[in-house]
Chemist: 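One structure follows; several queries about it will come next.
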Number of protein chains: 2
Amino acid sequence: MEAQRLRKIDPQEKVRAVLTTARRLFVEHGYHSVSIPMIVRESRVSTGAIYHHFGNKEQLARRIYDETLSEFQEMLEQRLTGQADVLSQLRAFGKLLVDVAQSDPEMMRYMLFLNHGEFLSSCPPICSSAPFRWVQETIRNGVADGTLRSDHPFVAAASFIGAILRTIELNYQGVIIEPLDTLISPILDHALRAVRA
Amino acid sequence: MEAQRLRKIDPQEKVRAVLTTARRLFVEHGYHSVSIPMIVRESRVSTGAIYHHFGNKEQLARRIYDETLSEFQEMLEQRLTGQADVLSQLRAFGKLLVDVAQSDPEMMRYMLFLNHGEFLSSCPPICSSAPFRWVQETIRNGVADGTLRSDHPFVAAASFIGAILRTIELNYQGVIIEPLDTLISPILDHALRAVRA
DNA sequence: GTCTATAGCCCGATAGAC
DNA sequence: GTCTATCGGGCTATAGAC
């Protein structure tokens with residue numbers, strides 16, 4: 001039939017195209033500046049198909065949010081297997097942040113810069129997501145066993161992560177021009193010095 | 001005359017009302033979610049008056065950006081007078097951030113969370129503004145005179161500021177619940193440990 | 001499932017009286 | 001300088017053919 005011939009073989013391919021295109025556009029222009037017609041043009045998927053698969057713009061954004069976070073969570077779990085002590089665990093986490101920042105800047109920018117709460121109703125801030133709660137827990141353990149030192153483990157966790165993320169931010173903004181992988185050692189050095197005993 | 005009677009005594013009062021109202025709304029909802037009619041309602045200044053004084057929405061945003069940054073810069077200069085050595089200068093800077101975060105959260109949120117580049121064409125990122133360039137310079141000096149230690153002063157500066165700002169962020173997001181002024185000592189402690197010799 | 005066409009809404013900005 | 005009324009445009013979301 002005619003309709004049959006026009007139908008794409010795999011609908012999931014379109015879904016995927018919309019998800020990746022929309023995330024890129026959200027990162028580049030911000031959620032509110034990205035219109036559905038814009039996503040239609042760049043993804044080459046029609047308005048009707050988008051609304052069919054995602055319902056509305058906010059649900060599309062929510063799906064991108066969920067998938068990005070669980071992808072990151074998965075990478076973290078992979079990197080953590082076999083890291084026994086607190087210090088090498090924190091190093092693995094920091095290295096993951098830097099690696100992602102370099103190999104997939106779009107993902108990192110998405111997690112760093114988008115105020116998801118601004119357009120996703122009742123979405124937990126990124127810092128309360130599993131990976132970042134894991135850091136808080138790890139640092140609490142490190143303080144307990146004497147590897148780390150802090151009067152206030154939450155402040156310690158914030159300092160550790162903040163030191164790394166801020167460096168990544170400044171790299172993105174062109175203030176720090178060296179490629180991030182050449183900076184991995186000073187980055188981890190400063191971040192760990194903020195918390196270790 | 002009738003027109004005379006209806007005219008407010010001080011036009012600058014209206015300008016001020018628009019500036020403070022708009023900044024509050026930008027912080028609460030994000031630039032793109034704030035409409036002119038919304039500003040009109042909340043500031044009780046008419047559409048016509050707003051366009052008369054500011055030209056358009058972007059110029060209004062730019063004026064808020066400029067005034068906020070120079071206000072912060074002024075506060076910093078005040079706090080720095082009389083701080084001789086690098087360590088007490090950095091402490092003064094950190095304490096300023098924490099003080100502002102607590103006494104004027106709207107100003108801090110404005111500087112921290114708004115992606116100004118997203119709606120202000122060719123606006124320098126906050127991190128390149130005078131106060132933050134000052135930190136970079138100060139840390140370079142500290143490394144030179146041996147007070148601080150770093151292979152890469154830019155990374156050191158990013159770590160120092162990042163440690164503090166991230167803690168403030170987590171406080172705003174309810175992860176760290178203690179009032180910030182009770183945390184000033186662990187905050188400065190962690191941030192300085194990241195960079196000192 | 002996918003498309004095109006368009007309804008319906010609200011926004012930024014302007015016009016023109018006062 | 002300040003107001004109200006309104007225009008043109010672009011948006012989200014829907015309708016209905018295929």
Side-chain angles (χ1 to χ4, degrees), chain A residues 1-26 28-65 114 116 118-121, chain B residues 1-26 28-65 114 116 118-121:
Chain A
M1 319 281 180
E2 184 67 9
Q4 190 73 24
R5 198 181 58 76
L6 288 173
R7 198 171 291 156
K8 281 281 179 66
I9 297 111
D10 187 7
Q12 288 311 308
E13 200 177 293
K14 297 206 169 200
V15 170
R16 190 48 48 194
V18 171
L19 287 170
T20 59
T21 304
R23 192 176 73 173
R24 176 173 58 78
L25 293 173
F26 287 161
E28 280 170 11
H29 306 106
Y31 177 79
H32 293 290
S33 301
V34 176
S35 65
I36 297 290
M38 201 166 167
I39 298 173
V40 169
R41 272 197 307 278
E42 304 247 339
S43 68
R44 307 175 59 86
V45 175
S46 72
T47 314
I50 291 177
Y51 278 94
H52 175 76
H53 285 294
F54 299 101
N56 59 36
K57 192 181 168 187
E58 180 177 336
Q59 278 175 259
L60 167 60
R62 186 170 299 275
R63 172 117 167 234
I64 292 172
Y65 178 86
L114 264 68
H116 304 93
E118 192 184 298
F119 49 90
L120 293 181
S121 51
Chain B
M1 320 280 180
E2 184 67 6
Q4 190 72 20
R5 199 180 58 76
L6 288 173
R7 198 172 289 157
K8 279 281 179 68
I9 297 110
D10 186 8
Q12 288 310 307
E13 199 179 294
K14 298 205 172 202
V15 170
R16 190 49 47 194
V18 171
L19 287 170
T20 59
T21 303
R23 191 177 73 174
R24 176 172 59 78
L25 292 173
F26 287 163
E28 281 171 9
H29 307 105
Y31 177 79
H32 288 105
S33 300
V34 176
S35 65
I36 297 289
M38 200 165 165
I39 298 173
V40 170
R41 272 195 308 276
E42 303 246 341
S43 68
R44 308 176 59 85
V45 174
S46 72
T47 314
I50 291 177
Y51 278 96
H52 175 76
H53 285 293
F54 299 101
N56 59 37
K57 191 180 169 187
E58 180 177 337
Q59 279 175 259
L60 167 59
R62 187 172 298 275
R63 173 115 168 237
I64 292 172
Y65 177 86
L114 264 70
H116 303 94
E118 191 185 298
F119 49 90
L120 293 182
S121 51

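Proteins get letters first, then strands, A, B, ... in listed order; numbering begins at 1 in each. All values derive from a computational prediction rather than experimental measurement.
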Chemist: Rounded to whole Å, please give me the gap between CD1 in I39(B) and P in dC11(C).
Modeler: 11 Å
Chemist: If I take atom CE in residue M38(B) and atom P in nucleotide dC9(C), what distance separates them, rounded to the nearest angstrom?
Modeler: 20 Å
Chemist: Take the protein atom CZ of R44(A) and the nucleotide atom P of dT2(C), then report the distance between them rounded to whole Å.
Modeler: 15 Å
Chemist: Verify the contact: side-chain N or O of S46(A) to OP1 or OP2 of dT2(C), cut-off strictly under 4.0 Å; return yes or no.
Modeler: no
Chemist: May I ask you to decide if the ring planes of Y31(B) and F26(B) are parallel, tilted or perpendicular, using 30° and 60° as cut-offs?
Modeler: tilted
Chemist: Between P on dC10(C) and NE2 on H32(A), what's the gap in Å once rounded to a whole number?
Modeler: 16 Å
Chemist: Is a side-chain donor or acceptor of T21(B) paired with a backbone partner of V18(B) at a separation under 3.5 angstrom?
Modeler: no
Chemist: When you check the phosphate oxygens OP1 and OP2 of dG10(D), does a side-chain N or O of S35(A) lie under 4.0 Å from one of them?
Modeler: no
Chemist: To the nearest Å, how far apart are E13(B) CD and dT2(D) P?
Modeler: 11 Å
Chemist: Whole Å only: how far is the CD atom of Q59(A) from the P atom of dT14(D)?
Modeler: 11 Å
Chemist: If every non-hydrogen atom of V34(B) is compared with every non-hydrogen atom of L25(B), which pair is closest and at what distance?
Modeler: CG2-O, 3.4 Å
Chemist: For DNA chain D, whose closest nucleotide is more 5', that of S33(A) or that of V45(B)?
Modeler: V45(B)
Chemist: At under 4.0 Å between heavy atoms, what does V34(A) touch on the DNA or RNA strands: base, sugar-phosphate, or nothing?
Modeler: sugar-phosphate
Chemist: When you compare the side chain of E58(B) with that of S121(B), does any pair of heavy atoms fall below 4.5 Å?
Modeler: yes
Chemist: Once you round it to whole Å, what is the distance between C1' of dA13(D) and NE2 of H53(A)?
Modeler: 16 Å
Chemist: When the distance from CD1 of I50(B) to P of dT4(D) is rounded to whole Å, what number comes out?
Modeler: 12 Å
Chemist: Is any side-chain heavy atom of I39(A) closer than 4.5 Å to one of T47(A)?
Modeler: no
Chemist: Looking at H52(B), does any N or O in its side chain come under 4.0 Å of the phosphate oxygens OP1/OP2 on dC3(D)?
Modeler: no
Chemist: Please determine whether side chain to side chain contact (heavy atoms under 4.5 Å, CB included) holds for the pair Y65(A) and L114(A), giving the CA-CA distance in whole Å, both sets of side-chain angles, and the decisive distance to 0.1 Å.
Modeler: CA-CA 10 Å; Y65(A) 178 86; L114(A) 264 68; over 6 Å; no
Chemist: Mind checking P37(A) for me? I need base, sugar-phosphate or nothing, with any heavy atom below 4.0 Å counting as a touch.
Modeler: base
Chemist: Could you check E118(A) against H32(B) for side chain to side chain contact (heavy atoms under 4.5 Å, CB included), going step by step and ending with a plain yes or no?
Modeler: CA-CA 10 Å; E118(A) 192 184 298; H32(B) 288 105; 5.8 Å; no
Chemist: Below 3.5 Å between N/O atoms, which protein atoms pair up with nucleotides 13-15 of chain C? Just atom names and distances, please.
Modeler:
| unit_1 | atom_1 | unit_2 | atom_2 | d |
| --- | --- | --- | --- | --- |
| dA13(C) | OP2 | Y51(B) | OH | 3.1 |
| dA13(C) | OP2 | K57(B) | N | 3.2 |

